[in-house]
Each structure stands twice: as structure tokens, then as C-alpha cells.
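For reference, the structure is listed below as C-alpha cells.
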Amino acid sequence: MTSVQVDKPHDDGSEAADAPGAPGEGYQRALGARQIQMIAIGGAIGTGLFLGAGKAIDRAGPSLILAYAIAGLVIFFIMRALGELLMYRPVAGSFSEYAREFLGPFFGFVTGWTYWLFWVVTGITEVTAAATYMTYWWDIPQWLSALVFTVILYAANLISVKLFGELEFWFSMVKVTAIIGMILICAGVLTIGFSDAGDTATVANLWNDGGFFPQGITGTLMTLQIVMFAFLAVELVGVTAGESKDPETVLPKAINTVPWRIAVFYVGALIMILSVVPWSTFKPGVSPFVKAFEEMGLGVGAAIVNFVVLTAALSSCNSGMYSTGRMLRDLALNGQGPKAFRKLTKNGLPLVGTTFSAALMLVGVWINYQWPGEAFNYVVSFATISGMWAWIMILCAQLRYRAKADRGELPQSTFKAPGAPYTSWFALGFIGLVITMMAIDEDARISLYCAPVWALLLGVSYLVMKKRNPQSFARKG
């Protein structure tokens with residue numbers, strides 16, 4: 001039993017939707033199956049695909065398809081490990097709560113604060129990106145667009161969790177529709193031969209221009225950090241556990257859709273694009289979707305993709321608003337964060353935590369406007385390594401849980417991860433390979449420079465807080 005499970009009344013003045021000590025911890029279970037499914041789908045589709053894939057194609061060529069397929073399998077292993085933990089005990093704190101229970105208070109503390117920072121940094125970059133995309137249509141100050149987007153999303157997250165779910169549903173719907181539309185258009189070019197690319201479009205483009213591995217195996221391995229960055233936020237479905245109407249039914253279904261989501265939206269989309277347009281046409285900094293439309297003579301595609309990328313950025317910022325408040329409240333409930341973050345509104349929303357995070361996102365927008373140099377890039381690059389830390393904690397916690405369950409010390413999960421513990425060890429090894437590639441790559445190495453600084457800050461904070469409140473940092477039985 002962990003500290004948030006102790007059967008005692010809430011001390012935060014909230015109107016609990018769950019009984020004291022229940023997994024929801026006062027949250028309202030307002031997210032339905034339709035919203036959870038789309039949150040799960042949208043979490044796997046972001047600017048990493050719409051924009052970042054251009055650089056990855058330039059580095060790896062058609063073999064990027066294989067990189068996404070293998071990484072997608074690893075993501076499925078991670079999500080099934082998370083699913084096993086969620087069905088053992090669906091809690092709002094999710095990863096930090098499981099790290100706290102199975103790995104110890106220190107790991108719960110680090111995971112909670114690191115995942116919170118991940119979403120704050122992501123929110124800063126995405127709302128700024130969204131403001132940049134707006135200049136495609138209107139010549140308005142970037143800071144004004146960023147301010148308006150942040151305020152709108154902040155307000156939506158304080159009205160109700162159901163409104164958050166609706167926003168994510170429609171944001172995800174736009175992204176899904178765009179990719180499916182792109183796949184269908186490419187299929188039409190390949191079969192019927194319409195558009196400017198009709199005469200040269202062929203599946204043989206996947207191996208004709210230098211082979212399937214035109215840059216060698218090394219080139220493919222060097223794209224792994226880009227590929228994994230594209231999948232960051234797929235684990236967000238775990239944060240919704242405390243507010244899902246029927247988590248025991250909805251969450252397993254959402255997690256089991258991961259393979260076909262990756263197969264269609266990543267592998268399928270890249271196969272079609274690289275069949276229609278030779279891989280050597282794509283360059284870093286240019287969306288492969290925009291470039292493909294241009295090569296097909298469909299100029300309107302640029303405006304469409306700009307709108308889609310705008311919704312992807314707003315979706316990510318919206319998710320950041322949602323998850324940061326929940327993570328801060330989980331830390332506060334366990335005595336590992338300020339008590340003010342415990343408070344909920346009458347609608348079951350973490351007002352103080354969400355407000356604090358939104359304020360930092362606004363500061364970040366100002367910093368990005370005033371100080372766009374290397375120092376800010378150091379902060380932004382930390383998102384990748386901090387996001388993967390959550391995956392590592394999920395896998396490690398699941399391994400500890402499975403060992404205890406197999407010994408009969410804990411009940412077995414109703415949604416056991418297939419192939420575990422071997423699949424979990426494989427996923428951990430793959431993440432280790434990605435981190436190694438990041439250390440070799442000069443463009444990605446900056447992420448690893450930031451990690452020790454953050455780790456030192458957390459280590460000092462942990463020792464100070466533990467000295468002041470040792471009971472909150474004691475391992476719970």
C-alpha cells in the first residue's frame with residue numbers, strides 16, 4: 001500500500017469523485033472510451049512525424065521504415081508493461097506512483113518531477129511552434145499568438161476534464177485524417193498514375209536509389225533518437241487512468257491499438273511517401289508531407305499540412321497542461337511537493353498545479369522570444385532524455401511487480417504483458433542503444449549534457465526534503 005492509498009479523508013478541501021484512498025484520488029472519471037482511444041492515437045502522432053521525419057529520411061533513406069517498425073515494437077512492449085501496472089492498480093500518478101512503490105521513494109520523486117519538466121519544456125516549444133505556424137496565414141506578432149494559445153488551453157483545462165478530452169479528440173482526429181488522406185492520395189498516384197509524380201512513382205523507389213540502406217546501417221542507427229522522439233507522449237494514456245470512466249476496459253483496448261497505429265501512421269505513411277517520391281528528394285527542416293505534395297503538384301498540400309502541424313503542436317501543449325497538474329498533485333499527496341498542489345476545484349481539477357505549469361510555459365515563450373540562443377536549446381533538448389526516463393521507470397517497475405506477483409506477494413494483473421520479462425529487458429536494451437547513439441551524435445549529445453545538471457538538482461532537493469519530512473520519503477509496505 002502506498003501513501004496515496006491510505007484510507008483517510010482528503011485534506012485538500014476537494015470534493016472527491018472517488019472514495020478516499022480510491023485510485024482516482026478525488027478526480028472525476030469523465031473520460032470515456034472515445035476520448036481515451038483518440039488520446040492514445042494522438043499521443044503517437046506529433047510534430048516528430050510531420051516535421052522531424054524529413055531529417056531522418058535524409059540520414060537513413062528508405063531504411064527509416066525499418067527503424068520505425070522496430071522502435072514501434074519496442075513502444076508496444078513499453079505500453080504493455082504500463083498496461084500490466086495499470087490493471088494491477090489504475091492511479092492518476094501513474095509512472096511516478098509505480099516507481100515509488102516498486103523502486104523506492106527516490107525514484108518516484110525523480111520520475112514525477114522529471115515527467116513534469118518534460119511536459120513543461122514540451123509545452124514551451126510547442127506553443128511557440130504553434131505561434132510560428134500562424135505566421136503562414138497572418139502577419140501577427142509571435143508572442144501574441146503564443147499568449148492567446150496558452151490562455152485558451154489553460155482555460156479549457158480548468159473548465160472540466162471532459163473538455164480536455166474533447167479537445168484532444170478533435171486534435172487527434174485532424175492528425176489521423178491528414179495521414180489517412182495522404183496515404184490514399186499516394187495510393188492513387190501509384191495505381192492510377194495521376195499528378196506530376198505519376199510517371200515516376202513506383203514501389204521500386206524504396207530500393208532503386210542506393211538501395212534500402214543507402215547510408216549504411218550506421219545511418220539508420222543514427223536516426224533512432226529522432227524516431228524515439230516522435231513516439232514521446234504515447235505513454236500519456238497512463239496519466240488518464242485516474243479519470244477514465246471504465247479503466248479496466250478502456251485502457252487495455254487503447255494500449256492494444258498501438259501496433260496498428262504505428263503500422264498505419266508511421267510505417268504505412270512512409271512506405272507510401274517514399275514510393276511516390278524518391279528519398280533523396282527530402283531534406284532536413286522540410287516536412288516530408290509538404291515536400292510530397294509539392295512533388296505531386298498539389299500546392300494546396302502545404303497549407304493543409306501547416307494546419308495539421310498547428311493542431312499537432314496545440315495538442316501537445318494541451319496534453320502538457322493536463323499532465324503537469326496531475327503529476328504535481330501526485331507528488332504533493334506523497335509529501336514530495338508543496339502542499340498547495342494538492343488542492344482540487346469542485347470539478348476535480350488540480351488548479352494550483354496547472355496554473356503553476358502554465359505560468360512557466362508563458363515564461364518560456366518570453367525566453368524564446370528574447371533569448372533564442374544556445375542556452376534555450378539546451379533546455380529544449382532535454383525533452384527527449386526526460387521522456388525516455390519515464391519509459392525506463394515503467395519497464396523497471398513492471399519487472400519488479402511481475403517478480404513479486406509471480407512469488408505470490410501481489411495479485412496478478414488482469415492484463416499481463418506478453419513475453420515479459422524478456423520483452424521488458426529487450427526494450428530496456430533498445431533504449432540503452434538509443435542513448436548510446438545520442439552520445440555519438442553531436443546534434444543529440446546536448447541532451448545528455450543537460451541530464452546531469454537536472455539529476456544534481458533533484459538529488460539535492462531530495463536530500464533537503466527528506467531531512468525535513470522523513471516520513472514522506474520512507475518506503476511504504
Side-chain angles (χ1 to χ4, degrees), residues 1-7 18-25 29 36 40 73-112 115 234-244 246-259 326-327 330 333-334 336 388-432 473-477:
M1 179 181 292
T2 63
S3 56
V4 295
Q5 288 180 291
V6 178
D7 190 9
D18 296 299
E25 272 301 307
R29 294 192 178 275
I36 295 294
L73 180 64
V74 172
I75 292 298
F76 178 61
F77 292 157
I78 294 171
M79 292 302 293
R80 283 303 303 259
L82 175 60
E84 182 169 322
L85 292 168
L86 287 171
M87 291 305 99
Y88 152 68
R89 190 165 63 90
V91 290
S94 195
F95 338 117
S96 62
E97 185 61 23
Y98 300 132
R100 188 177 298 116
E101 178 176 356
F102 295 109
L103 304 174
F106 175 75
F107 288 98
F109 175 81
V110 171
T111 301
Y115 197 67
V234 68
E235 75 290 334
L236 181 66
V237 67
V239 183
T240 67
E243 293 169 279
S244 303
D246 186 12
E248 289 78 8
T249 302
V250 173
L251 295 178
K253 288 183 178 180
I255 290 171
N256 278 335
T257 62
V258 168
R326 273 74 183 171
M327 279 295 167
D330 174 71
L333 286 173
N334 284 277
Q336 298 184 351
M388 286 198 295
W389 174 263
W391 294 345
I392 293 172
M393 289 297 98
I394 289 170
L395 292 166
C396 291
Q398 185 261 346
L399 287 170
R400 293 292 298 272
Y401 161 71
R402 173 65 74 89
K404 288 191 173 187
D406 289 345
R407 292 196 300 265
E409 298 174 17
L410 291 173
Q412 292 284 354
S413 173
T414 58
F415 189 52
K416 297 179 70 174
Y422 306 107
T423 52
S424 298
W425 283 114
F426 175 79
L428 283 171
F430 187 85
I431 293 174
F473 290 86
R475 180 183 286 272
K476 304 298 188 297

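All residue numbers refer to positions in the sequence shown, counting from 1.
- Put simply, OH on Tyr401 and CG on Asp406 are 9.0 Å apart, with the number rounded to the nearest 0.5 Å.
- The line from OG1 of Thr423 to CG of Leu428 is 10.0 Å long, rounded to the nearest 0.5 Å.
- To the nearest 0.5 Å, atom CG of residue Leu399 and atom OG of residue Ser424 are 4.5 Å apart.
- Residues in residues 77-88 take part in these salt bridge (charged side-chain N to carboxylate O under 4.0 Å, His left out) pairs, two or more places apart or across chains: Glu84-Arg402.
- The structure places CZ of Phe426 at 11.5 Å from CG of Leu395, a figure rounded to the nearest 0.5 Å.
- Among Glu101, Lys416, Gln398, Gln412, the one residue that satisfies the side chain to side chain donor-acceptor pair (under 3.5 Å) test with Tyr88 is Glu101.
- A donor-acceptor pair is defined here as one N or O able to donate and one able to accept, closer than 3.5 Å; no such pair exists between the side chain of Tyr115 and the backbone of Met327.
- Between the side chain of Tyr98 and the main chain of Arg89, a donor-acceptor pair closer than 3.5 Å is present.
- With a 4.5 Å cut-off on side-chain heavy atoms, Glu235 and Ile78 do not count as touching.
- For the atom pair OG1 of Thr257 and CZ of Phe76, the computed distance is 9.5 Å after rounding to the nearest 0.5 Å.
- When all heavy atoms are compared, the tightest approach of Met87 to Ser413 is CB-OG, 3.4 Å.
- Nearest heavy atom pair, residue Leu103 against residue Ala397, reads CD1-N, 4.2 Å.
- Rounding to the nearest 0.5 angstrom, the gap separating the CZ atom in Phe415 from the CD1 atom in Ile255 is 5.0 Å.
- The two residues Pro411 and Ala405 have their closest heavy-atom pair at O-CB, 4.1 Å.
- Residues Trp391 and Leu82 form no side-chain contact, since every pair of their non-hydrogen atoms from C-beta on lies 4.5 Å or further apart.
- Side chain of Thr111 to backbone of Phe107: a donor-acceptor contact under 3.5 angstrom is found.
- Of all the heavy atoms in Leu85 and Ile394, the pair that sits closest is CD1-O, 3.7 Å.
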